[in-house]
Protein chains: 2
Amino acid sequence: MTTIRDVAKHAQVSVATVSRVLNQKGYVSKQAEEAVLAAIKELDFRPNAVARTLYNKSSRMIGLILPDITNPFFPELARAVEDIALTYGYTVVLCNADEDIKKERNYLEALKQKYVDGIILTTNQLSFAEVDKVGVPMVALDRIIGDQIPTVVSANKEGAEMATTHLIESGCKFIAHLRGPKGLATADDRLHGFRKVVEKAGVASIVGEADFYFEKSEQVTRDLLEQHPSIDGIFASSDVTAAGAMKAVNRMGKRVPEDIQIIGYDGIPFGEMLVPSLTTIAQPIYEMGATAARLLIKLIEKKPIEGSYFELSTNLIVRETTKRKEEIE
Amino acid sequence: MTTIRDVAKHAQVSVATVSRVLNQKGYVSKQAEEAVLAAIKELDFRPNAVARTLYNKSSRMIGLILPDITNPFFPELARAVEDIALTYGYTVVLCNADEDIKKERNYLEALKQKYVDGIILTTNQLSFAEVDKVGVPMVALDRIIGDQIPTVVSANKEGAEMATTHLIESGCKFIAHLRGPKGLATADDRLHGFRKVVEKAGVASIVGEADFYFEKSEQVTRDLLEQHPSIDGIFASSDVTAAGAMKAVNRMGKRVPEDIQIIGYDGIPFGEMLVPSLTTIAQPIYEMGATAARLLIKLIEKKPIEGSYFELSTNLIVRETTKRKEEIE
DNA sequence: TTGAAAGCGCTAACAG
DNA sequence: CTGTTAGCGCTTTCAA
């Protein structure tokens, strides 16, 4: 391994000078600079990131802790975060907490130990206190940890209202909502949006708990449908959940959208892969990730931030699992 | 931040002693040890990972470079790698190269700079020479970089043979294969397996290039079907590709499996989410990831390895996109 | 058993 | 403009 000393020797200058040209800081004569640059090239020298980190207490890395890398929503989010981070010269370290609070804790600790400059959390099992004491700039993404932590989410309640309204406009008379995990603010908000609309419209409704898992969703949908055969619309709280519902509907010999209309939530590419393709509320996934990344970087660089709570709006994508109103008239 | 010095002072011993108890190395009196342990607890001291890494030139991290985090096959693989690595006390750093050779190169360099102890590569755009000169223990997973690099793959050719045989036994007379990217050994092997079986059976066949992308697969399938309306079986080289084919078939007003039978390759949960659910060749994804991780760790720890090429066998999972032979008789 | 001190590779005072 | 030197926090000789 070639070090800054080797370069200094080779270029016949001191290590300080080499460091100066490396960091473009302080005065260096044209001549010295050239000698150093030449030596660097000749020796194929690359400054040791660990040594730098140790001294600077900064690694130009940001950690991204995901709850479940297996749910395609999160990889999408990760892509956006990575894109922006790279733009600003930060590397992102992906951590998969696997819905396990212990792993979450470990990663938080490990990242801090590695002197990451900041962390984006898409998990919220940890309490604010626990997260806060890590003492590294953080932003919460798609999950809410506390109002002390800058947060980026989508407009879950409005999205849910849109979804529910769409089902009603499409003629549904009895709508089931497959809600996400209890206590998860995003899931609760979607439920509230749903409730608000069905109540206002006086449409029959029921709620099942599907968390965000396919299998659970399939099972819950089946149970719901058995008990309430007149259900004709399902608002699933994620696209994966919607897929579970579709499967259940299909297994029970009913058709989508003829017998039962289904709308998902997320807007991941996955929805288009289904047959029939999934009508859904698209979150601005890329924008969410990008916003969180930019926000975190501002925090890191101690630049002013304009607000600490960003709620990005969603939009309805009508595909094949719901019928437009006109078609049923 | 509390350092080893603080602990030493607190415990009234030297930093060397603290280091000894931290690493359980060298002689330490019972008394000293207890004092140190107490001080550590009291001060909530955690050794600085970066400083350790700098000295040891080892970080107990392994890098995992994925080509496309958005294809659900890779997150599955990542989970397995993580599981095993954690077991052995290694942390894994996920890197998403995004099918971009530049990012791949950057990550390779960055990981080396961070003193990762080893790297698992699931990409192969880089040449052996380029990969080799990084000088960090490596294993290739699901991709082949060269016979100098220990490799873990599944039995692609056999898997493809099974898939094709299954379609023939299910009554297909004209089978299309949606192949993966040219030059990718796994994709080439699947093609060869396909060819071998159709030729031997004298079944009509055709090959389309779908890479591993949904959209491309949908388009290619559509083209193939327009030109050859008598195609009645499709062997897709990945589950995502199969989904694209299903979509195309559906769009063209044909039914799966009645008109066209489809079999995928991978065995990711995604296949079960489709309607009808996807018959597929399941790779032992978890085993693959686990094997690669164990192999790499042996390499890192300079333990003997039993072989440098591991080909794990696949197996057929019959679901709804193909019909059993009996049913068609 | 223990501690002093050198050094992992780099940065930044500070003095020249 | 440039070099010397003292660390960043930890590990490991080496001598006591």
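Chain A is the first sequence line, chain B the second, and so forth, proteins listed ahead of strands; every chain is numbered from 1. Quick caveat, the model's predicted, so the values are computed rather than measured.
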With sequence neighbours left out, the residues meeting side-chain contact (heavy atoms from CB on, under 4.5 Å) with A:A51 are A:N48, B:L54
Under 3.5 Å, side-chain donor or acceptor atoms of residues 84-96 of chain A against the rest of the protein: list the pairs with distances, not counting sequence neighbours.
unit_1 : atom_1 : unit_2 : atom_2 : d
A:T87  : OG1    : A:D83  : O      : 3.0
A:Y90  : OH     : A:E301 : OE2    : 2.9

For residues 88-101 of chain B, the salt bridge (Lys or Arg N to Asp or Glu O under 4.0 Å) pairs (sequence neighbours left out) are A:R79-B:D98, B:D98-B:K103
Residues at least two apart in sequence or cross-chain that pass side-chain contact (heavy atoms from CB on, under 4.5 Å) with B:A35, listed by chain then number, are B:A11
Identify whether any heavy atom of B:V13 sits under 4.0 Å from a base atom; if not, whether one sits that close to sugar-phosphate; answer base, sugar-phosphate or nothing. sugar-phosphate
note: B:Q113, atom CD; C:dG9, atom P; distance rounded to Å ~ 12 Å
Nucleotide by nucleotide, nucleotides 11-16 of chain C touches protein heavy atoms under 4.0 Å in the pattern (B base, S sugar-phosphate only, - none) BBBB--
A side-chain contact here means heavy atoms from C-beta on lying under 4.5 Å apart; do B:E76 and B:P269 qualify? yes
Counting only Watson-Crick and G-U wobble pairs with both atom distances below 3.5 Å, the stems of 3 or more consecutive pairs that include DNA chain D are C:1-16 with D:1-16
The complete set of salt bridge (Lys or Arg N to Asp or Glu O under 4.0 Å) pairs with one or both residues in residues 17-33 of chain A, sequence neighbours excluded, reads none
Checklist line | Backbone of B:F73 reached by a side-chain donor or acceptor of B:N71 within 3.5 Å | finding: yes
When rounded to whole Å, the CZ to P distance for the pair B:R5 and C:dA5 reads 11 Å
Notebook entry, point to check: Heavy atoms, side chains only, cut-off 4.5 Å: are A:S59 and A:K114 in contact?
Noted result: no
Anything under 3.5 Å between a donor and an acceptor, one on a side chain of residues 136-152 of chain A, the other on a protein residue two or more places apart or in another chain? List them.
unit_1 : atom_1 : unit_2 : atom_2 : d
A:T151 : OG1    : A:I149 : O      : 2.6

Residues passing the salt bridge (Lys or Arg N to Asp or Glu O under 4.0 Å) test with B:R46, sequence neighbours excluded, are A:E109, B:D44
B:A8 meets the side-chain contact (heavy atoms from CB on, under 4.5 Å) criterion, sequence neighbours left out, with B:V15, B:V18
Bounded by its outermost nucleotides with an atom under 4.0 Å from a heavy atom of chain B, the footprint on DNA chain D reads D:dG9 to D:dT13
* Asked: B:I300 versus B:I62: any side-chain heavy-atom pair under 4.5 Å?
  -> yes
B:K112 NZ to C:dG9 P, in whole Å, measures 13 Å
Numerically ordered, the residues 26-39 of chain A set in heavy-atom contact under 4.0 Å with DNA chain C is none
Contact between B:I4 and B:L22 at the side-chain level, heavy atoms closer than 4.5 Å - yes or no?
yes
